[in-house]
Amino acid sequence: MLVSTAEQIRQMEIRGAGRIARAAAGALADHVATVQTTELDVFVAEMERAADLLVSTRPTAVSLPNAVHMVMAGVRAAQTLEEARLGIITAATGFIASSEQAVQQIAAIGARHIRDGDVVMTHCNSEAALACILAAHQQGKEIEVYATEVRPRNQGLLTIRTLNDAGIRTSYIVDSAIRSFINEVDLVVVGADAISVNGAVVNKIGTAQMALAAHEARVNLVVAAETYKFAPLTILGNLIEIEERPAEEVLAASIASTLPYVRVRNPAFDVTPADYVDLIITEEGAIPPEMAYIIIRDHLGWSIEQFDRPAHRTDQKE
Ligand code: RI2
């Protein structure tokens, strides 16, 4: 179960920053029953190994290590093996429930920022971003959506299916058509895989181009993201690692093998600077990107005071 969940996350059969966080929490809870030992130390070591395996599957979405950290907190305070087992299960169940609730809260807040008659552009397949769009539609607002294809994994297909099933008029466009259509759009709504302390947003490759086009066209860009998508270690200047995925996702190996001078680059994410982000909608409320540190300090419990060296670099560069 643990290994298969890790593999499903790695292969993107389970994908989306929120979904992989919940899957990892669930896998840790399920793993508890499989650890056959009477020793607390042995149990903790095995759970830490399991946690490391899950975290290693995808490097960018900080929701994954944040969720694992929250679940593993259940073991750290334990004095006995029973407390440790229960601690993990309780923390995992709590995380999954609060994560699902967070999406609903984001939807309610995000829908307020979508007006009747708006044309919304979105990129990739974000549960949190789609929840805002669906909530606005359910409130009876007449909205229309432009959804991108999202090469190379085509997550846009998932998005247009959801929008279609909800009865929302949708235009499906290739990623390179963003700038051609941005002037027909009132608002951009996207999700996030990670948000840096300085408010830079890491999301599916192509988001930064969409943000640039929106900025140029004076179209607001809203990011829908649960508080556990904020990256605590960026306080220390740590940069968020951008996952580079296999070349075969972009170009078939049979073709690539005939092109010895060509190399394929396949970064899965890019960085949108805070300057191009108008609002971040979290379950705690809508904030400007400049308030990212407050979320990390007050809602994730990390602050600069707990580190013994000052932050030397807080920018998220590409
Ligand atoms: P939710 C996805 O990553 C997309 O980049 C999406 O915008 C982001 O996670 C957030 O998704 P991938 O797993 O958590 O497709 O809002 O690489 O669903």
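What you see is a predicted model; the values in this text were computed from it and never measured. FYI, the numbering just counts along the sequence from 1. Ligands are counted one by one from 1 in listed order, and the atoms in each one are counted from 1 as well. The figures here come from the full heavy-atom set of this structure, side chains too, leaving out hydrogens, waters and symmetry mates.
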key: Stepwise side-chain contact (heavy atoms from CB on, under 4.5 Å) test for Ile240 and Val62   = CA-CA 8 Å; Ile240 294 160; Val62 76; 6.0 Å; no

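- Residue Ala224 places no N or O, backbone or side chain, under 3.5 Å from any N or O of ligand 1.
- If you look at Cys124 next to ligand 1, the close heavy atoms, those under 4.0 Å, all belong to the side chain.
- With no hydrogens or angles considered, no side-chain donor-acceptor pair links His299 and Glu283 at under 3.5 Å.
- Closest heavy-atom approach to atom 12 (P) of ligand 1 among the candidates Arg153, Lys229, Arg58: Arg58.
- Against a heavy-atom cut-off of under 4.0 Å, Phe269 is close to the following atoms of ligand 1: 3 (O), 5 (O), 17 (O).
- Considering backbone and side-chain N/O of Lys204, one or more are found under 3.5 Å from N/O of ligand 1.
- Here His123 has no heavy atoms under 4.0 Å from ligand 1, in either its backbone or its side chain.
- Looking at Ala17 next to ligand 1, an N or O pair under 3.5 Å apart turns up.
- Classified by interplanar angle (parallel below 30°, tilted 30° to 60°, perpendicular above 60°), the ring pair His69/Trp302 is tilted.
- Looking at Gly16, Ala129, Ala194, Ala192, it is Ala192 that brings a heavy atom closest to atom 10 (C) of ligand 1.
- Of all atoms in ligand 1, listed by their number and element, those nearer than 4.0 Å to a heavy atom of Met12 are 15 (O), 17 (O).
- At a heavy-atom distance under 4.0 Å, no atom of Ala268 approaches ligand 1.
- Once rounded to the nearest 0.5 Å, the distance linking CD of Gln11 with OG1 of Thr57 reads 10.5 Å.
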